[in-house]
K.L.:
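My questions all concern the structure below.
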Amino acid sequence: MSALAKSPDLSIPAAVSEPSVLAGVDDAVELDRFTRWVTGPQGERLGESALQLSGMYCAACAGLIEHAVAAVPGVHSVQVGASAQRATVRWDPARTQPSALIQAIRGAGYDAVPDAAAPARLQRQAEHRQALWRLFVASFCMMQVMMMATPSYVAGPGELADDLRQLLNWGCWLVSLPVMAFSAVPFFTSAWRSVRAGRMGMDVPVSVALLITFVASTGSTFDPNGIFGHEVYFDSLTMFVSFLLGARYLELRARHRAAETLEATLSGLPEMAVRVAADGALESVNVHHLRPGDEVRVPVGQAFPADGVLLAGSTQADEALLSGESAPVEKAAGSELVAGSINLGSPVAMRVQRVGGDTRLEAIVSMMRSALSQRPASAALADRWAGPFLWAVLLLAAGAAAVWSVIDPSRAVWVAVAVLIVTCPCALSLAAPAVLVAAARGMARQGVMLQRLDALEVLARVQHVYFDKTGTLTETRVRLAGTGLTAAGQRLFKDETAALSHAASLAGWSGHPVALALAAAVPPAAVAWTGVHEHPGQGLQACDAEGRTWLLGSASFLGAPAGGGDMAVWLACEGAVVAGFELADQPRPGAREAVQALRDRGLRVSLLSGDTPARAQALASALGLDEVVAGATPETKLAVVAAAQARGERVAMVGDGINDAPVLARADVSLAMGQGALVARSQADAVVMSNRVQDIVRAHERARHAMRIVRQNLTWAASYNAVCIPLALVGWMPPWAAGLGMAASSLLVTVNALRAGR
């Protein structure tokens, strides 16, 4: 089997040229590596492609790229995340192809590659290498310029000869040339793109300040008695470029670490799997060819290729991709196996249940891509204000120059430069997005995957948390506690086992935890069901070969008697109840502690359950919940949450089933358990892939921590501008101090943002 398990060499060449990327990006096989297929509003088939971008240096670049891609015929929507430098584009395959999207991005002056591991990694390496070189050149030249500028600052009157001072100025000018020609190129390039597109980007005032400082200092160097005077500020220029590049380098490293986390998750799935054919022979197949129901052999040390169940024996699995913890998890026959987790114990056989986009691994990847591609509301608000603010900055600098040209013409240029530098909104633009991306990465390591970055802001302010019961506060798998036959059932079935087998056959058509428990209790009967229909939160309806209508579900769904147990599931034939089944559930480990921790933080915690009042109340008493709403239909849950919102409460909903999807969509912020229904996960703002209730508490605490950091950053950026702008206007802040302050401000905000991911 080990020989069959070996996969062929599918390594990607060490270099991927630009023509080859565009030539192969439309290939069907390559397309599936970075594109998922969705249904549009009119039922049409649309592609949603993930692209990794490069060449972005400020938040305004996101708008330029979105505008360029949106102009491509067939593009339905485009989202660009400046913090993560990723784009998600939804497009019509009948009208365009991904190569056209990449060409549009390159036409706007940026670059893009499919968000597949190899080309993206090469692009990141090149981007990192170039950023490091720019920072090194700027920092090295800054030190040399500072060394040559020091005598002019420390020398007393008459101590430094004019010809020596002039020689030092010439040396500063010469050393500053590499900074302007190489290190500062990203600022000029970004500013030119903004101007060419008719928009105001944050690098425009930066570039104007750099050019004015360099031109004026050059004029002073060549002609000390000219209109620019004799003062030079090459030290301010190089210091400004060096510190600002340092802040952006830290931001780039944060983005790259998030991308590396995504790649590590992607690399967990093997390329090949050993499948058992119909005749019992073993065959090595690509994981994309696996289908639900296939039997697969998994050797020790290999990742499970799909979601499924262990058929026989026992093993251990490393599920660090779900929980962030590498402690082995014991797996016995019948246990759930997760795609991408590592088989550590012994060679095993598994039955495939979910493949491709329906696996939890792909859900993790999709959510990480989605979150990294988004711009949070706070960043979008900053983008809307960036244009007017930057125009105001330019006007303020021009006004300051005009006033000082009357007061002291020799200082007019330098006051204008100081105003331009000190008001650069780089720190303000980084204050929120960098924090939210770092926090999302930290939550992913703990097993909570964000689908919407804005959810962090809402989660931090939530006041009331509603929990579903089964699969959320209790274990997903319930167990059969007893079976009973009614008088009608005794005439229809020879014994309780026959009735249970019949119910198990129908329950196999549903993924609800209760149905799964019945289906696993005994071997199902061979019944040819037709017209199977599931009523979310209530039960199943189907017809057998004889045309009889069967119902399996809650007492209210079947019209069964109120007695017979707190959590009874009933089976009815042609309107007559024939059997009832008692099921017992078990609270999740740590559920009580998690509920208490939320209450200690001042949150109200309530239970929304479709179970009977007695069963729901028993769980609420055991866990210490504040409020219980039992027997709740999807409509009831929706009404309860809407009523809480009408009272002014910010509501969080935690659920996992199909019947929870409407209320998950309605809540201010929603979390779904990782093993829950796909529709529930798709409606949630975050998914608890670890299935641990305690991680919800950790997510809430991390969200509050992240928003505290955002407030710190915003307060610092606003305070810095409030203090420094007046100083620059009255001429008390020279350009070198303005450059140092602005660059240090951006550096401080970026470093502070990284704390959110720890």
Side-chain angles (χ1 to χ4, degrees), residues 258 261 265 319-325 360 363-364 366-368 370-372 374 376-378 432 435-468 471-473 588-606 623 649-656 660 663-664 667-676 680-711 753-758:
T261 301
T265 304
E319 296 184 348
L321 79 164
L322 299 181
S323 62
E325 297 181 1
R360 290 165 72 181
I364 293 173
S366 177
M367 284 181 286
M368 291 178 67
S370 176
L372 291 175
Q374 293 175 1
S378 54
V435 175
L436 297 184
V437 169
R441 177 171 157 266
M443 289 175 66
R445 289 200 306 268
Q446 291 181 333
V448 179
M449 302 293 171
L450 282 176
Q451 298 194 96
R452 189 170 63 90
L453 282 181
D454 287 341
L456 273 171
E457 303 178 40
V458 184
L459 183 60
R461 301 193 305 270
V462 75
Q463 298 165 304
H464 198 153
V465 181
Y466 286 96
F467 280 95
D468 177 46
T472 303
L473 289 176
R588 284 189 182 276
R592 179 177 178 81
E593 291 77 8
V595 169
Q596 186 59 46
L598 291 173
R599 296 183 64 187
D600 291 344
R601 285 169 169 78
L603 278 63
R604 293 182 60 194
V605 185
S606 301
L623 300 183
E649 295 181 345
R650 285 183 289 272
V651 175
M653 178 68 198
V654 185
D656 77 321
D660 295 323
V663 71
L664 288 171
D668 296 298
V669 62
S670 55
L671 299 96
M673 305 306 279
Q675 88 294 333
R681 299 199 307 264
S682 65
Q683 292 294 338
D685 298 314
V687 178
V688 186
M689 303 304 299
S690 62
N691 295 317
R692 295 184 306 212
V693 186
Q694 303 98 309
D695 286 342
I696 298 173
V697 181
R698 296 189 183 101
H700 178 254
E701 180 56 36
R702 185 176 288 276
R704 296 206 304 186
H705 178 59
M707 296 317 298
R708 284 196 297 269
I709 295 176
V710 169
R711 288 192 292 271
L754 297 179
R755 293 172 49 228
R758 294 171 185 165

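Because the structure is a prediction, the values reported are computed rather than measured.
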K.L.:
If you take all heavy atoms of Ala597 and Val697, which pair is closest and at what distance?
P.N.:
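The pair with the smallest heavy-atom distance is CB-CG1, 3.8 Å.
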
K.L.:
If you apply the rule side-chain contact (heavy atoms from CB on, under 4.5 Å), what do you find for Asp668 with Glu649, and how did you get there?
P.N.:
CA-CA 9 Å; Asp668 296 298; Glu649 295 181 345; over 6 Å; no

K.L.:
So, taking the atom named CZ in Arg599 and the one named CZ in Arg604, what distance separates them when rounded to the nearest 0.5 Å?
P.N.:
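One gets 10.5 Å once the value is rounded to the nearest 0.5 Å.
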
K.L.:
Give me the atom names and distance for the closest heavy-atom approach of Ala460 to Met707.
P.N.:
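In this case the closest contact between Ala460 and Met707 is CB-CG, 3.5 Å.
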
K.L.:
Looking at residues at least two apart in the chain, or sitting in another chain, which of them share a salt bridge (Lys or Arg N to Asp or Glu O under 4.0 Å) with Arg592?
P.N.:
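Salt bridge (Lys or Arg N to Asp or Glu O under 4.0 Å) list for Arg592, sorted by chain: empty.
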
K.L.:
Nearest heavy-atom pair of Gly655 and Leu664: which atoms, and what distance?
P.N.:
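Scanning both residues, the minimum pair turns out to be N-CD2, 4.0 Å.
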
K.L.:
Applying side-chain contact (heavy atoms from CB on, under 4.5 Å), run through His700 and Leu603 and close with a yes or a no.
P.N.:
CA-CA 11 Å; His700 178 254; Leu603 278 63; 3.9 Å; yes

K.L.:
Evaluate the criterion side-chain contact (heavy atoms from CB on, under 4.5 Å) for residue pair Val654 and Met673; output intermediate values, then yes/no.
P.N.:
CA-CA 8 Å; Val654 185; Met673 305 306 279; 4.1 Å; yes

K.L.:
For side-chain contact (heavy atoms from CB on, under 4.5 Å), just list the numbers for Asn691 and Arg588, CA-CA rounded to whole Å, side-chain angles, deciding distance to a tenth of an Å, and then say yes or no.
P.N.:
CA-CA 9 Å; Asn691 295 317; Arg588 284 189 182 276; 3.8 Å; yes

K.L.:
Quick check: closest heavy atoms across Leu456 and Ala440, and the distance to 0.1 Å?
P.N.:
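Closest approach of Leu456 to Ala440: CD1-N, 4.2 Å.
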
K.L.:
If you apply the rule salt bridge (Lys or Arg N to Asp or Glu O under 4.0 Å), what do you find for Glu593 with Arg698, and how did you get there?
P.N.:
CA-CA 12 Å; Glu593 291 77 8; Arg698 296 189 183 101; over 6 Å; no

K.L.:
When Phe467 is tested against each of Leu671, Leu623, Leu598 for side chain to side chain contact (heavy atoms under 4.5 Å, CB included), which residue passes?
P.N.:
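Single side chain to side chain contact (heavy atoms under 4.5 Å, CB included) partner of Phe467 among Leu671, Leu623, Leu598: Leu598.
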
K.L.:
Can you give me the closest heavy-atom contact between Asp685 and Ala455, atom names plus distance?
P.N.:
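For Asp685 and Ala455, the tightest heavy-atom pair comes out as CB-CB, 3.7 Å.
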
K.L.:
Grab the two heavy atoms, one from Arg650 and one from Val462, that are nearest each other, plus how far apart they are.
P.N.:
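Taking every non-hydrogen atom into account, O-CG2, 3.2 Å.
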
